[in-house]
Amino acid sequence: MKIVILGRQGSGKGTQSTRLVDHYGVVHISTGDMLRAAVAEGTELGREAKLIMDLGELVPDDVMNGIVAERLAKPDVVEHGFLLDGFPRTPSQADALQDILGDDGLDAAINLDVAVDEVTSRMVARGRADDTLEAISRRLQLYERETEPLLEWFERHGVLHTVDGVGDEDVVFGRLTGVLEPVLD
Ligand code: AMP
């Protein structure tokens, strides 16, 4: 199984990713987690990435493509497949992923869809200090700008599946496996 998951902050993407990984036994690859680990270890990549991440910008495509290509070549991923989370972030990264995967390509790109109003009230309800309405709306706008061209890319390549992310966690998970079952046959 080779899938990508996309979803706004507050969409439940983290929770559902964990469940998908447990259910299908695939490797969870989160580029955000990989970069944060590099920052914590203080590697050269980590030092570069920290500056960019602190500004809320994207790490350059060539750097990300290299990191992901290397990770996807590891035996655990080759054997068990993957759930990619946070990559691709740009159409050019999507092209690179397609090159890496070759003929087989992705099985699916899942867009876990929760409307802006709904994720905003979820994040406000969470009540974290950095979750001011203004910060939330800025992050969501950034996400929108970043993701719109990607959704088009996946749509054009016939792998996009939009799944309604509103509702009980188990119900949403059922929708996800419902979409994936036929794709994985
Ligand atoms: P995330 O946890 O996915 O929101 O990622 C945290 C930060 O890491 C992002 O704001 C970016 O600065 C960086 N990052 C993660 N994945 C990528 C990617 N695929 N391309 C570029 N930058 C990324």
Side-chain angles (χ1 to χ4, degrees), residues 2-21 26-74 77 81-101 105-106 108-114 116 118-120 122-124 126 128-132 134-154 157 159-160 163 165 176:
K2 290 173 283 186
I3 64 173
V4 166
I5 190 162
L6 302 122
R8 295 188 174 91
Q9 268 200 315
S11 64
K13 177 171 67 109
T15 308
Q16 296 295 342
S17 293
T18 305
R19 293 187 64 161
L20 288 169
V21 164
V26 295
V27 180
H28 187 190
I29 303 177
S30 155
T31 46
D33 285 351
M34 289 171 79
L35 292 171
R36 281 183 288 273
V39 171
E41 283 168 30
T43 62
E44 193 184 329
L45 165 70
R47 285 197 298 274
E48 269 175 49
K50 186 174 188 320
L51 300 172
I52 296 169
M53 290 162 81
D54 284 348
L55 292 171
E57 286 169 14
L58 291 180
V59 174
D61 286 343
D62 55 340
V63 175
M64 291 313 301
N65 296 344
I67 294 172
V68 170
E70 212 171 275
R71 184 67 190 93
L72 293 181
K74 295 257 164 75
V77 177
F82 60 80
L83 173 75
L84 253 181
D85 181 350
F87 184 97
R89 274 282 221 292
T90 64
S92 144
Q93 292 182 5
D95 288 336
L97 179 62
Q98 197 181 31
D99 287 346
I100 296 166
L101 296 179
L106 273 185
I110 294 190
N111 180 26
L112 186 60
D113 190 33
V114 179
V116 169
E118 171 69 20
V119 289
T120 303
R122 286 185 190 181
M123 282 190 272
V124 169
R126 237 169 30 179
R128 288 192 199 153
D130 60 336
D131 280 352
T132 60
E134 197 193 335
I136 292 169
S137 118
R138 207 183 68 86
R139 285 203 301 268
L140 288 173
Q141 272 171 24
L142 251 170
Y143 177 84
E144 230 61 39
R145 212 179 314 144
E146 202 175 284
T147 310
E148 197 60 39
L150 260 187
L151 294 178
E152 275 163 30
W153 192 102
F154 288 128
H157 288 78
V159 289
L160 184 65
V163 173
L176 288 168

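Residue numbers run from 1 in the order of the sequence given. Keep in mind that the numbers below use all heavy atoms, side chains included, and drop hydrogens, waters and symmetry copies. Computed from a predicted structure; not experimentally measured. In listed order, ligands and their atoms are each counted from 1.
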Inset, instruction - Of all the heavy-atom pairs spanning L176 and I110, show the shortest one and how long it is. - result: CD2-CG2, 3.6 Å
Legend entry - Distance-minimising heavy-atom pair for V21 and H28: CG2-CB, 3.5 Å
Inset, instruction - For atom CZ of R126, decide whether the heavy atoms of other residues, nucleotides or ligands shown that lie under 6.0 angstrom number more than 12. - result: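 Enclosed.
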Inset, instruction - Evaluate side chain to side chain contact (heavy atoms under 4.5 Å, CB included) for V27 paired with K74, printing each intermediate quantity in order. - result: CA-CA 11 Å; V27 180; K74 295 257 164 75; over 6 Å; no
Legend entry - Backbone N/O of V114 and side chain of E118: donor-acceptor pair under 3.5 Å: no
Inset, instruction - May I ask you to say whether D113 pairs ionically with R8, meaning some side-chain N is under 4.0 Å from a carboxylate O? - result: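 Salt bridge: yes.
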Inset, instruction - Write out the protein residues near ligand 1, meaning a non-hydrogen atom under 4.0 Å from one of its atoms, in order of chain and number. - result: T31, G32, L35, R36, M53, E57, L58, V59, M64, G86, F87, R89, Q93
